Amino acid sequence: DTTGNATTATTATTALGTAILGAVILVRGARLVRSNNRRSSLIGVGFRIVHRRRRGDGLFCCRLLPAPTSPRPPLGSVFAAFAAAAGHHTTAEDEGWSYVFAGHLPDEFPDTRGVVGAEWWRQVFGADWRHPEGPGSDLADRADHPVVQVSWFDAVAFATWAGGRLPTEAEWEFTARGGLDQVRLPWGDEMRPGGEHRCNIWTGAFPVEDTAEDGYAGTCPVDAFEPNGYGLFNCSGNVWEWCNDYFSSRHPVERPLLDPAGPPMGVDRVAKGGSHLCHDSYCNRYRPGARLGTTPDSTTGHQGLRLVV
């Protein structure tokens with residue numbers, strides 16, 4: 001029943017000595033499953049179709065052409081090389097502020113405006129990719145962490161500079177699943193197999209206390225935890241990753257069976273993977289099948305990207 005195989009390739013490193021992409025996975029001839037249920041993900045990916053959806057869902061096969069996908073999100077140091085070479089100013093830099101999680105601000109930080117209904121997100125002037133928590137923060141102790149505070153526009157500009165592009169939602173979800181068939185997480189259905197933490201998400205009572213039981217409160221290195229079956233790291237948690245597709249809660253039946261892409265028009269863009277702020281009590285979107293639609297100019301302290309090259 002299997003119709004796919006994986007090939008690994010290696011890319012060169014940047015002048016900074018930091019690998020932008022490392023090992024790259026090529027996945028060929030994969031069979032994907034898509035559901036018409038608006039509460040389901042765009043696709044559920046595996047080498048066999050397994051009917052584990054709600055009654056009334058419409059399931060069908062489609063294929064994905066080869067798409068080499070970065071095993072790691074880009075580092076802040078690599079993004080710095082891009083910003084210097086291209087003279088790029090990010091959306092947050094142009095706006096002069098961005099959103100920062102309140103729990104990551106120092107106790108003496110001045111009062112800031114919060115988002116109504118999600119007051120843990122604070123408007124912080126001077127927050128950007130170089131200063132993820134605003135003035136006084138930097139990347140000094142995060143050399144191996146993913147870049148954050150990037151909008152969809154920033155992600156596209158970086159991808160173009162790096163000679164790549166953003167993945168479609170189908171490509172992202174397929175590679176995130178690592179070859180497993182219709183399971184909940186990149187490593188299986190169990191959240192902590194054998195009691196072992198496998199991803200960087202919120203541990204504790206959200207949004208009051210992150211106990212860092214998984215080893216991290218905030219972002220973690222791009223190669224923390226074990227990779228999935230295709231060699232991709234951190235496909236669950238850590239930072240959200242932009243996709244190229246427009247977001248839609250509906251998936252029309254006339255979508256192509258070969259390399260399905262998002263709708264031709266829309267407002268929000270798709271982000272996948274969840275982040276270190278995800279928690280079952282509030283947001284369990286660290287599952288590969290989960291998705292988020294957000295405006296392309298949005299920038300936050302848990303928003304990053306991953307490339308196809």
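Only heavy atoms go into these numbers, but all of them, side chains included; no hydrogens, no water, no symmetry mates. Remember, it's a predicted structure, so these values are computed and weren't measured experimentally.
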Between Ser151 and Thr91, the two heavy atoms sitting closest are OG-OG1, 2.7 Å
Atom of Tyr216, atom of Ala224 and distance for their closest heavy-atom approach: OH-CB, 3.9 Å
Is a side-chain N or O of Glu133 found less than 3.5 angstrom from the main chain of Leu105, in a donor-acceptor match? no
Least distance between heavy atoms, Arg198 atom then Pro193 atom: NH1-CG, 3.6 Å
Under 3.5 Å, is there a donor-acceptor pair linking the side chains of His88 and Asp154? yes
Which of parallel (below 30°), tilted (30 to 60°) and perpendicular (above 60°) describes Phe82 and Phe158? perpendicular
The criterion is side-chain hydrogen bond (donor to acceptor under 3.5 Å, both in side chains); which residues satisfy it with His145, sequence neighbours excluded? Thr219
Distance-only side-chain donor-acceptor flag, Thr90 / Glu93, under 3.5 Å: yes
Quick one, Arg165 with Glu171, criterion salt bridge (Lys or Arg N to Asp or Glu O under 4.0 Å). Give me CA distance, side-chain angles, the key distance, then yes/no. CA-CA 12 Å; Arg165 60 175 174 83; Glu171 290 168 337; 2.8 Å; yes
Using distance alone, with no hydrogens and no angle criterion, decide if Asp280 and Tyr286 have a side-chain donor and acceptor under 3.5 Å apart. yes
Note: Arg184-Glu190 ion pair, threshold 4.0 Å (strictly below): no
Could you tell me whether the side chains of Gln149 and Ser98 share a donor-acceptor contact shorter than 3.5 Å? yes
Does the plane of the ring in His104 sit parallel, tilted or perpendicular to the ring in Phe101? Use 30° and 60° as the thresholds. perpendicular
Quick one: closest heavy-atom pair of Thr299 and Ala92, and the distance? OG1-CB, 3.9 Å
Does NZ or CZ of Arg269 fall inside the cone over Phe247's six-membered ring, less than 6.0 Å from its centre and within 45° of the axis? no
So which heavy atom on Pro288 is nearest to which on Ser236, and how close? CD-OG, 4.4 Å
Look at the rings of Trp121 and Tyr99 and say which category their plane angle falls in: under 30° parallel, 30 to 60° tilted, over 60° perpendicular. perpendicular
Show the nearest heavy-atom pair for residues Gly262 and Asp245, with the distance to one decimal. N-OD2, 3.1 Å
